[in-house]
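These notes concern the structure reproduced below.
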There are 2 protein chains.
Amino acid sequence: MYSIQEVSQRTGLSAHTLRYYEKEGLISGVERTPGGFRQYSDEDMEALGLICCLKNTGMPLQEIASFLTLTRRGDQTLEERVNMLRAHRENVLTRMEEMRRYLEKVTWKLEYFTRKLEAYQNDGGDGETR
Amino acid sequence: MYSIQEVSQRTGLSAHTLRYYEKEGLISGVERTPGGFRQYSDEDMEALGLICCLKNTGMPLQEIASFLTLTRRGDQTLEERVNMLRAHRENVLTRMEEMRRYLEKVTWKLEYFTRKLEAYQNDGGDGETR
DNA sequence: TATTGACTTAGAGTAAACTTTAAGGATTAG
DNA sequence: CTAATCCTTAAAGTTTACTCTAAGTCAATA
């Protein structure tokens, strides 16, 4: 079992954010000490791993919350979850491909500017304030 | 010369967004008709192309604005611009690699759930509400 | 000429994902 | 025991990037 601080360090999410995620329904059923402190189980950590994974590939928190709500409803929601993941995966692949194309253009621009800079420097643009 | 509607269609940015970008200093010096309507030149279109490119690779609008402000100051800012682009390119590459790793994990999860779903369906989970 | 529809501005409103604040209760090192 | 630290909730505030509204101006057409 892990305290909220430990979980924060392991996941890179702030304690604030962890509570926020709980409020938003991303995680639920986190155990508490008699004093009311959160105690995260390994299962919770597992779920948080998936949350980060989906978040970092651009899934909105609301959709992540839906996904994890389905997970809690058990195997009868497997098909829906598979569909969600499949759609998400396609989206990510599309975005990555788009990104790759845009990055190519950035690379060309960079090369163009680099050549232009060299020309400018060789041409006496350096420090010559005459 | 293009009207704001034409530019909107060509760039995929709404007319609202185009005016917003102007207000935020991303573009400037857009010509006007006697009546005050915006008339975008090919140069403006060129700049908008770069803006979209940088935006779609995740550069914040503020930074894009800085970049284009430097561009307007001319060749003496070439070095700074090259540095910005280089740094941006590195960031994008890093993010893409991170993305790739996260997507891999999503793919595993998807495969795992798919197998689990098949097992569930073959096991009579289909419509049997008994 | 009248009307439709696109354009103008300033400024308010929205959505997502936090982040901070306020006010106070619990736990632990010394 | 007590100070320091960590925890609690509810709610307000922040940032980014739009998006919309209101009130009015301009242009083309029937």
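Just so we're on the same page: letters track the sequence lines, and every chain starts at 1. Since the structure is predicted, the reported quantities are computational estimates derived from the model, not experimental observations.
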> Among the clusters formed by ILVMFWY side chains lying less than 4.5 Å apart, do A:Leu103 and A:Leu110 turn up in the same one?
Replying inline: yes
> Closer to the 5' end of DNA chain C via nearest nucleotide, is it A:Thr17 or B:Arg32?
Replying inline: B:Arg32
> Shared ILVMFWY cluster between B:Ile27 and B:Leu50, side chains joined below 4.5 angstrom?
Replying inline: yes
>> Both A:Lys23 and B:Gly35 contact DNA chain C. Which one's nearest nucleotide lies toward the 5' end?
In response: B:Gly35
>> Counting only side-chain heavy atoms from C-beta out, which of C:dT9, D:dC20, D:dC7 sits nearest to A:Ser3?
In response: D:dC7
> Any idea which of D:dT8, D:dC26, D:dA17 is nearest the B:Phe37 side chain?
Replying inline: D:dC26
> Between atom CG of B:Asp75 and atom NZ of A:Lys116, what is the distance when rounded to the nearest 0.5 Å?
Replying inline: 5.0 Å
> Where the side chain of A:Gln62 is concerned, which of C:dC18, C:dA16, C:dG11 is the nearest nucleotide?
Replying inline: C:dA16
> When the distance from NE2 of A:His16 to P of C:dA22 is rounded to whole Å, what number comes out?
Replying inline: 12 Å
> Contact class for A:Gln5 vs. all strands (heavy atom < 4.0 Å): base, sugar-phosphate, or nothing?
Replying inline: sugar-phosphate
>> Using a heavy-atom cut-off of 4.0 Å across all strands, would you classify A:Arg38 as base, sugar-phosphate, or nothing?
In response: sugar-phosphate
> Can any side-chain N or O of B:Arg95 pair as donor or acceptor with the backbone N or O of B:Thr57 at less than 3.5 Å?
Replying inline: yes
>> Nearest whole Å is fine: how far is C:dT20 P from A:Tyr20 OH?
In response: 14 Å
> Taking atom P of D:dA17 as reference, at what distance in whole Å does atom CG of B:Leu26 sit?
Replying inline: 9 Å
>> Could you tell me how far apart A:Gln39 (CD) and C:dT27 (P) are, to the nearest whole angstrom?
In response: 11 Å
>> According to side-chain contact (heavy atoms from CB on, under 4.5 Å), who are the partners of B:Glu46, at least two apart in sequence or on a separate chain?
In response: A:Lys109
>> Taking 4.0 Å as the cut-off, does a side-chain nitrogen or oxygen of A:Tyr21 come that near to OP1 or OP2 on C:dC18?
In response: yes
> Starting at CD of A:Glu6 and ending at P of D:dT5, how long is that distance when rounded to a whole Å?
Replying inline: 18 Å
> For DNA chain D, whose closest nucleotide is more 5', that of B:Gly36 or that of B:Gly58?
Replying inline: B:Gly58
